Amino acid sequence: MKKKIFSGVQPTGNLHLGNYLGAIKNFVSLSNDNENECIFCVVDLHAITVTQDPAILRENIRETVATFIASGIDPKKSIIFNQSQVVAHAEAAWILSCTAKMGWLNRMTQFKEKAGKDKEKASVGLYSYPILMAADILLYDSTHVPVGNDQKQHLELCRDIAQKFNNDFKVDDFFKIPEPLIQKEFSRIMSLKDGSKKMSKSDLSDLSRINLTDEKDEILNKIKKAKTDSLSIPTNIKEFVDRPEARNLIGIYSSLASMTFEDTIQKFSGKNFSELKENLSQILIDNLNPISNEIKKLLKEKSYLDKILEDGCQKADNIASKKIKKIHDIVGF
Ligand code: AQP
């Protein structure tokens, strides 16, 4: 049986190395396997859980599509679409919010991190975000969901919601229980300024992340300024305890070079950070420059990007509208 792959990326600008290594690179290899049916969604409904400028959001939707294509996803082989244009997502999210339990959502760490201290002021959408994510996945009978490590908990919640719905309505196997696909070796890329925080689009400091559109000089500058410590590079994994920045830089290098973490340690063991940084900058430039150039080229072709979304939305709607009809029948509408 073909694997049905579904994943989404928020069009919130500043797509970065963490999005690429944690998710998009994996999307590309999955989409190149003819055994897989892939759907990649620009999750614009998720994006508005925090305030967005409408004009910028519209551009960021196109930029996310451009990033998918520039990274190597072929829109003829995979469905690329934006969530808001397939109405079944919002509807399924409402129905599933009547299945999910408050206690389950209260455990979600991403809400706690994103809402911060002032959670009374966070939007209700930010709180119920994982239910919309479950709707996205379940509407397409997805079997596998490639995500970064930070989304693991949301995927577990999606599995719980699917199982509860199937049990409550006695419809065994109606919602498929999806498997997460998380990179084994190095699945969480951390901020270049603080190794205890994940690299993130919304970090106020641009120096904390490598954006996929960064030019060569920006990459060199950001890696030069990346936080390290005064010791030399560890000689084995145990020595990385309490050295998150060193671990992060070695991890990024190993992901880009497709080397194991251990082999990368051996390559740099005992050397100083300037040597690692020089090598890391070069491998980043080699990997990201072609993507960055292609993104910039594609962004000039707005009607091409819009057409991809239009075609993708039609294909996605064909699948999702059938599933939501069945959901109506099951719940008694
Ligand atoms: N630092 C990361 N390391 C590994 N994977 C990551 N992902 C995000 N950050 C990292 C993965 O990228 C995919 C798309 O993420 P998203 O844009 O939908 O949402 P996010 O996880 O909220 O991304 P950001 O960058 O942290 O955005 P903000 O700052 O807006 O919250 C997902 O599969 C995610 O796991």
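Keep in mind that what you see is a predicted model, and the values were worked out from it rather than measured. When a ligand or atom number is given, it counts from 1 through the structure's own listing order. Along the sequence shown, residues carry numbers from 1.
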Honestly, is Arg247 close enough over Phe261, meaning NZ or CZ under 6.0 Å from the six-membered ring centre and within 45° of the axis?
-> yes
Which heavy atom of Pro75 sits nearest a heavy atom of Tyr304, and at what distance?
-> CG-OH, 4.1 Å
In terms of residue, atom name and distance, what is the protein heavy atom nearest to atom 16 (P) of ligand 1?
-> Lys201 NZ, 3.4 Å
For residues Lys277 and Lys224, report the shortest heavy-atom separation together with the two atoms involved.
-> NZ-O, 2.8 Å
Identify, for atom 20 (P) of ligand 1, the protein heavy atom at the shortest distance, and state residue, atom and that distance.
-> Lys198 NZ, 3.6 Å
Atom 35 (O) of ligand 1 sits nearest the protein heavy atom Asp150 OD1, 2.5 Å
For Lys114, counting its heavy atoms only, list the atoms of ligand 1 lying under 4.0 Å from any of them.
-> 22 (O), 28 (P), 31 (O)
Do you know which two heavy atoms are closest between Arg209 and Met199, and how far apart they sit?
-> CB-CG, 3.4 Å
Nearest protein heavy atom to atom 5 (N) of ligand 1, by residue and atom, and its distance?
-> Gly18 O, 3.2 Å
Atoms of ligand 1, numbered as shown, that sit under 4.0 Å from any heavy atom of Val9 | 14 (C), 17 (O), 18 (O)
Polar atom proximity, Gly148 to ligand 1 (N or O, under 3.5 Å) | yes
Would His16 count as a contact of ligand 1 if the rule is a heavy atom under 4.0 Å away?
-> yes
In ligand 1, the atoms that come under 4.0 Å of a heavy atom of Met199 are 1 (N), 2 (C), 9 (N)
Indicate yes or no: does an N/O atom of Asn149 lie under 3.5 Å from an N/O atom of ligand 1?
-> no
If you measure only the distance, is there a donor-acceptor pair under 3.5 Å linking the side chains of Asn211 and Thr213?
-> no
Has ligand 1 got any nitrogen or oxygen that is less than 3.5 angstrom from a nitrogen or oxygen of Tyr129?
-> no
Tell me, please, whether Tyr253 has Lys267 positioned over its six-membered ring: NZ or CZ under 6.0 Å from the ring centre and within 45 degrees of its axis?
-> no
Starting from atom 19 (O) of ligand 1, find the nearest protein heavy-atom neighbour and note its residue, name and distance.
-> Gln10 NE2, 3.2 Å
Taking the six-membered ring for Trp, are His144 and Phe6 ring centroids under 6.0 Å apart?
-> no
Give the residue, atom name and distance (to 0.1 Å) of the protein heavy atom nearest atom 13 (C) of ligand 1.
-> Ala23 CB, 3.6 Å
Taking only non-hydrogen atoms of Arg188 and a 4.0 Å limit, the atoms of ligand 1 in range are 3 (N), 4 (C)
If you scan protein heavy atoms around atom 15 (O) of ligand 1, the nearest is Asn19 ND2, 3.5 Å
Between Ala115 and Leu126, what is the shortest heavy-atom contact and its length?
-> N-CD2, 4.2 Å
For Ile189, the ligand 1 atoms with a heavy-atom partner under 4.0 Å come out as 1 (N), 2 (C), 3 (N), 4 (C)
When the ring planes of His89 and Tyr140 are compared, do they come out parallel, tilted or perpendicular, using 30° and 60° as the limits?
-> tilted
Between Asp194 and Lys227, is the closest basic N to carboxylate O distance under 4.0 Å?
-> no
